[in-house]
Amino acid sequence: METRVLPPDDEGIAAAAEVVRRRGTVAFPTETVYGLGADALSARAVAKVFAAKERPRFDPVIVHVADPSDVELLWTEVPLLAQSLMDRFWPGPLTLVLPRRRRVPPIVTAGLPTVAVRMPAHPVALALLRAAGRPIAAPSANRFGRLSPTHHEDVLEQLGGRVDAVIAGGPTPVGIESTVVSLVEEPPTVLRPGGTPVEALREVVPDLRLAPPSGPSASPGTLPRHYVPATPLYLLEGGPVEGGRTLDRIQCGILAFREPWAGFGRAEVLSPKGDLVEAASHFFAALHRLEGANLAAIVAEPVPEEGLGIAIMDRLRRAAAGRASVLGDRVVWTR
Ligand code: AMP
Ligand code: MG
């Protein structure tokens with residue numbers, strides 16, 4: 001199929017909404033990353049999203065709504081805590097998981113009795129949701145397991161010819177996926193750290209718990225290995241690595257937090273001023289550039305684990321093929 005590239009104006013949004021109403025697939029910008037959307041209440045439409053992404057059916061997708069009141073279509077009830085979180089954080093990068101109504105097709109929820117919902121804070125996403133007049137199921141607009149797209153060109157690279165349309169809406173401001181919180185667990189549990197900092201959520205939910213990265217209560221889609229760059233990535237974590245393989249710095253790229261490291265073939269700096277919000281917004285694009293630089297390996301410097309740094313470290317640990325250390329002009333790593 002030919003993928004239409006639509007402008008983010010009224011006409012482009014009307015055309016994209018028509019694709020959704022006809023049960024097609026449209027990639028669109030949200031404040032987190034680009035999503036690949038389809039009519040959330042049509043199993044046939046959502047199946048096309050899974051097919052285009054080659055996403056396994058056990059990985060549920062997030063349903064996007066134009067207005068907080070739309071959750072009544074999707075959840076059997078709206079507890080007070082959900083209402084407080086929606087009041088404070090919607091529209092925004094926070095996804096809430098609650099029991100689903102029967103009209104939500106099982107393919108959306110991977111057969112789970114719950115459905116994940118959020119209201120995005122992006123004018124194009126909201127305009128599309130309003131024009132389509134229905135909730136839109138949308139996982140990130142990448143091939144399964146690959147880097148999430150923060151620009152429409154990344155979407156075309158991975159999904160061009162596999163989806164009906166892409167809205168070219170510029171770079172996505174937050175740059176990292178939403179925080180997913182389950183309200184069916186006691187206490188409420190962060191299934192995936194993301195664009196809404198855990199510290200801010202704790203102001204509303206003091207007993208909020210962080211699920212272990214791949215424990216039994218972690219989200220079905222949060223596989224231990226995810227976000228796999230095409231070039232192997234190693235994390236500079238946990239002291240010197242002994243034994244492993246060795247390469248010259250010049251053959252490797254460094255994903256640095258505040259300052260470039262000398263001697264590497266290529267360096268990407270996430271935030272010279274050490275701002276984790278800025279770092280998150282550059283994260284996937286920086287990894288994408290390193291991936292394209294034909295390096296033997298990428299080594300990533302850890303960022304502080306607070307605020308959006310928790311989400312960045314979650315993505316880095318999943319992307320990492322192992323640990324590394326830098327000794328003089330050499331990089332040593334192990335699997
Ligand atoms: P993506 O849309 O690609 O950012 O991924 C959506 C993620 O949200 C999934 O991989 C799950 O981790 C999580 N999720 C979606 N629906 C549910 C649900 N019903 N219960 C738990 N986690 C969910
Ligand atoms: Mg994804």
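For ligands, and for the atoms within them, numbers begin at 1 and follow the listed sequence. Sequential numbering from 1 along the given sequence is applied to the chain's residues. This one's a predicted model, so the numbers in the text were calculated from it and none came from an experiment.
Interface atoms of ligand 1 facing L191, defined by a heavy-atom separation under 4.0 Å, are 21 (C), 22 (N). Residue S140 approaches ligand 1 through these ligand atoms, each under 4.0 Å from one of its heavy atoms: 1 (P), 2 (O), 3 (O). Using a 4.0 Å cut-off to heavy atoms of L112, the atoms of ligand 1 that qualify are 18 (C), 19 (N), 20 (N).
Looking only at atom types and distance, the side chain of T95 has a donor-acceptor partner in the side chain of S178 under 3.5 Å away.
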Hey, mind stepping through Q251 and L295 against side chain to side chain contact (heavy atoms under 4.5 Å, CB included) and telling me if it holds?
-> CA-CA 6 Å; Q251 292 171 276; L295 299 155; over 6 Å; no
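Among the backbone and side-chain atoms of N142, none of the N, O or S atoms lies under 2.8 Å from the Mg ion (ligand 2).
Tested against N142 for a side-chain hydrogen bond (donor to acceptor under 3.5 Å, both in side chains), the candidates Q158, E157, K53 yield a single pass: K53.
Between E203 and R88 a salt bridge is recorded (basic side-chain N to carboxylate O distance below 4.0 Å).
Here's the thing with K53: none of its N/O atoms is less than 3.5 angstrom from an N/O atom of ligand 1. Checked against a 3.5 angstrom limit, the closest N/O atoms of D59 and ligand 1 fall inside it. At least one N or O atom of R192, backbone or side chain, sits closer than 3.5 Å to an N or O atom of ligand 1.
Here T95 has no heavy atoms under 4.0 Å from ligand 1, in either its backbone or its side chain. At a heavy-atom cutoff of 4.0 Å, ligand 1 is contacted by no atom of E185, backbone or side chain. If you look at T109 next to ligand 1, there are no close heavy atoms at all, none under 4.0 Å.
Judged by the shortest distance from any of its heavy atoms, R100 lies outside the 4.0 Å radius around the atoms of ligand 1.
Panel note: side chain D248, backbone I250; no donor-acceptor pair is recorded below 3.5 Å.
Of the listed residues (I62, N142, T189, I176), the one carrying the non-hydrogen atom nearest atom 8 (O) of ligand 1 is I62.
In this structure the side chain of R100 never reaches within 4.5 angstrom of the side chain of T76, judged on heavy atoms.
With sequence neighbours excluded, the residues satisfying ring-ring contact (aromatic ring centres under 6.0 Å, His included) with Y234 are W333.
Pairs of residues two or more places apart, or lying in two chains, that qualify as salt bridge (Lys or Arg N to Asp or Glu O under 4.0 Å) and include a residue from residues 132-141 are D39-R134.
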